[in-house]
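Heads up: the structure comes next, in structure tokens.
Labels below follow one simple rule: chain letters A, B, ... track the order of the sequence lines, proteins then strands, and each chain is numbered from 1. Only a predicted model underlies this, so the values are computations on that prediction, with no experimental measurement involved.
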Amino acid sequence: MRQKNMLIPTLRNVGAEAEMVSHRLMLRAGMIRQLAAGVYTYLPLAYRTLRKVEQIVREEMDRIGAQELLLPAINPAELWQESGRWDDYGPELIHFQDRHERDFLLGPTHEEVITDLVRNEVNSYKKLPMTLYQIQTKYRDERRPRSGLLRGREFLMKDAYSFHVDWESLDKTYRDMYQAYIRIFTRLGLDFRAVEADSGAMGGEENHEFMVLSDSGEDTLALCSSCQYAANVETAKVGRDETKAPDMAEVPKPEKLSTPGASTIDEVIQMLDKQPEQLIKSLLFTVDGDPVLVLVRGDHEVNEIKVKQALGAETCHLADDQTVNRVTGAPTGFAGPLGLKEAVRVVADHAVYEMAEAVTGANEADAHLLHVAPGRDFQVDLYADIRTVQEGDACPHCGEPIRFAKGIEVGHVFKLGTRYSDSMNATFLDQEGKEGRLIMGCYGIGISRLVAATVEQSHDDNGIIWPVGAAPYHVHLIAVNLKDETQSRLADQLYERLRADGVEVLYDNRQDRAGVKFKDSDLLGIPLRITVGKTAAEGKVEYKFRRSGKSGTLTTEELIKKLPDLLNRADQQQ
RNA sequence: CGGGGUGUGGCUCAGCUUGGUAGAGCGCCUCGUUCGGGACGAGGAGGCCGCAGGUUCAAAUCCUGUCACCCCGACCA
């Protein structure tokens, strides 16, 4: 393409509202423009990159036998009422009514539509397993869209759904997908990890998130410093040594102390001159409607997801103040396991078991108890791993220390099981003519987010550095001075030749000074730059890799011969 | 949803406290010089100051409302 008439409105600077590197660089490179909060126009360069990424995803999906289709973005409310998600998804659904006042929504994901399709069209085990996917715009009314393409309200996503007669079949497709994802992110040259994750509102069983490592990521990952263990901190397990029963023979009886106004761990340790790990933090949760007292060590944090899992519950959240008052007889901040007004279930973290004595709330305003011995002074109904992992904790697999890293979630694979086939009655007939419930998996990749994540991970002070796989063009051809007849003719010839050879080349034929072209070229981040300049008279041009900065001079014939080789080297760091 | 902030040529911003002719840099157009890392000179186009009310002789500026956008938090996947 000749750059002169292309819509590539580069900017020297952008406003302070764009904070994320990818957001700033994509604005500056003339790739995206914001239309509304979380809604962006993809200009020609961004659209090319988007299609490049799409194509990689498509190839890897096709390779594992997935079939591409396109589902409607507009969904009737009935389908979502049937699955129960019309209410569950809540205000995040963008919905509207048509002229007949029928409810519709713009799909944030497509389990309902695909399940409806498959239950109608696939009735026999002979067709199974089957994997279908689409690449489509999704709509989510995020409470707070932010960070440019990383968290939009309209975004491009690849979503795949698999259907099976049994779990073994799902396991196989899940593994295939997992490998396909690894190939996709590897082809994009990304530094990423597959981590164990929580399935959230999607429901279902085993699942992994694919995280691009980046300090600007919203998710925190717990990575083992020694083995392969990797998990989202939301769900990461806490490893522990062999549990040792504490010796509490010498522990005196509980003693009440006045602690006026000390309702937080910090205030209590200040007042009593204790360390946080000598306290038991007691929090009242409402779990499936019932109050449950949850105990963790003072320096630990309760993990609601784990509490929910440990109790096999559907819902779990901190109890409101009234409930706390009723159950403990005290304002929030003074709860403890001794002397509750109501008998409630008590769940404690493993670390609590190992405490010989502890400070707890006294279930009385402005008072705490000293010398409380778990097991002696109160009973625990269930000990479980219910705290959030901390940096330095033992890895649950090998015991080595866990370290944290930040990541951007670009993919997620789920084993859904029968979550949707149950609620939507999706069945098939097996070999014996008996009806079976379809077992499902679903697998997403945020395509537009992936583009932004690539920029987050691949840039320098001068601009974007595209991996060849995602680059909008492979070669940026620059004529230094178009008024120089020799340069201009050589550049034109080279452009036509490259084009004829099928090379994806962007030709900067603008009547600008060299400095402007070089600056823009760095900003756009095309992997290989070819400059036609001073040496044009000798029939020579210069090449330069955007990533490594390495350069050289070649005749045009040599260049054309070596171009495939040069492009192979373009992603190299050195 | 709570807290904070910002809306002024295409872009980045000043002007607002203390009301009185709407500004700068970049970009854009024309001419000339320049031409390998965001050139220089001269001339020019372009803005009902987010919107609606109000106060005032007079509002970008003060008041009220409203909308949009950004940031932090909560929430959610």
Side-chain angles (χ1 to χ4, degrees), chain A residues 7-20 23-24 27-30 33-40 85 87-93 108-109 111 138-148 150-153 155 157 159 197-204 207 209 211 218-219 232 234-235 304-305 315-318 408-414 416 442 444 446 449 461-463 476 478-488 491 508 510-524 529-537 540-542 544 546 549 551 553:
Chain A
L7 183 59
I8 307 175
T10 57
L11 300 169
R12 291 188 187 210
N13 50 48
V14 291
E17 76 276 6
E19 295 199 325
M20 211 65 101
H23 191 193
R24 297 183 70 85
L27 284 168
R28 285 191 55 207
R33 288 294 183 262
Q34 180 171 325
L35 183 66
V39 180
Y40 290 85
R85 288 208 296 180
D87 294 319
D88 291 352
Y89 230 93
E92 210 129 295
L93 278 183
T109 171
E111 283 79 8
K138 305 289 189 193
Y139 300 88
R140 292 184 193 172
D141 197 354
E142 294 279 349
R143 273 153 219 243
R144 189 146 95 78
R146 62 186 116 180
S147 314
L150 283 172
R151 185 174 282 271
R153 292 193 293 178
F155 56 96
M157 184 164 163
D159 48 322
D198 176 48
S199 59
M202 301 294 282
N207 72 99
E209 289 169 334
M211 295 282 189
E218 290 184 314
D219 289 279
N232 195 313
E234 289 179 343
T235 184
E304 288 184 21
I305 293 168
T315 66
C316 171
H317 54 86
L318 266 179
I408 300 166
E409 180 190 352
V410 292
H412 205 157
V413 292
F414 289 90
L416 284 176
C442 81
R449 176 183 280 189
D461 290 345
N462 296 314
H476 202 184
I478 290 183
V480 168
N481 185 352
L482 282 167
K483 291 200 178 126
D484 179 314
E485 192 71 15
T486 315
Q487 287 185 26
S488 144
D508 191 347
R510 296 175 301 169
Q511 296 278 2
D512 277 294
R513 294 165 64 86
V516 173
K517 296 187 183 187
F518 289 139
K519 286 288 185 191
D520 272 353
S521 179
D522 287 344
L523 184 57
L524 301 192
R529 178 160 91 205
I530 295 171
T531 307
V532 178
K534 283 183 252 178
T535 54
K540 289 185 175 172
V541 298
E542 181 188 286
K544 184 174 185 185
R546 176 67 181 90
S551 60
T553 304

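- Dashed line: the shortest gap from a side-chain N or O of R146(A) to OP1 or OP2 of rC70(B) is not under 4.0 Å.
- Heavy atoms of K483(A) sit under 4.0 angstrom from at least one base atom.
- If you check the side chains of N207(A) and H412(A), you find a donor sitting under 3.5 Å from an acceptor.
- Between R151(A) atom CZ and rC69(B) atom P there is a gap of 17 Å when expressed in whole angstrom units.
- Checking rG73(B) for Watson-Crick or G-U wobble geometry (two distances, each under 3.5 Å) identifies rC1(B) as its partner.
- Put simply, CG on D219(A) is 13 Å from P on rA77(B), counting in whole angstrom units.
- Residue A18(A) is classed as having no contact, given no heavy-atom separation below 4.0 Å to the nucleic acid.
- Within 4.0 Å of R33(A), counting heavy atoms only, lies no atom of the nucleic acid at all.
- For the P atom pair drawn from rU56(B) and rC48(B), the interatomic distance equals 28 Å after rounding to whole Å.
- At a cut-off of 3.5 angstrom, counting only N and O atoms as typed in the model, there is no donor on one side facing an acceptor on the other between the side-chain of D512(A) and the base of rG38(B).
- In summary, the aromatic rings of Y40(A) and H23(A) are positioned with their centroids under 6.0 Å apart.
- If you measure from atom CG of D159(A) to atom C1' of rA77(B), you get 15 Å, rounded to the nearest angstrom.
- Residue R143(A) contributes atom CZ, which lies 17 Å from atom P of rC70(B) at whole-angstrom precision.
- With both ends at atom P, the span from rA59(B) to rC49(B) equals 11 Å, rounded to whole Å.
- Between the OH atom of Y139(A) and the C1' atom of rC76(B) there is a distance of 21 Å, rounded to whole Å.
- Searching all strands for a Watson-Crick or G-U wobble partner of rG65(B) with both distances below 3.5 Å returns rC51(B).
- One finds a salt bridge joining R85(A) and E111(A) here, because a Lys/Arg side-chain nitrogen approaches an Asp/Glu carboxylate oxygen to under 4.0 Å.
- Contact annotation for E304(A): no contact, since no heavy-atom pair falls under 4.0 Å across all strands.
- Among the heavy atoms of the strands lying under 4.0 Å from K544(A) is at least one base atom, whether or not backbone atoms are also near.
- When the C1' atom of rC70(B) is taken as reference, atom CD of E19(A) falls 8 Å away, rounded to whole Å.
- As rounded to the nearest Å, rG9(B) and rA22(B) have P atoms that lie 15 Å from one another.
- For the P atoms, the distance from rA42(B) to rC51(B) is 35 Å, rounded to whole Å.
- Rounded to whole Å, the distance from CD1 on I478(A) to C1' on rC35(B) is 14 Å.
- Per the geometry, CG belonging to N481(A) stands 9 Å off P belonging to rC35(B), to the nearest Å.
- Within the shown strands, rU30(B) is the pairing partner of rA42(B) under the Watson-Crick or G-U definition, both distances less than 3.5 Å.
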Contacts under 3.5 Å, N or O only, protein and nucleotides 10-16 of chain B:
unit_1: rU12(B); atom_1: O4'; unit_2: N13(A); atom_2: OD1; d: 3.4

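- At rC35(B), none of the side-chain N or O atoms of Q487(A) fall inside 4.0 Å of OP1 or OP2 (strictly under the cut-off).
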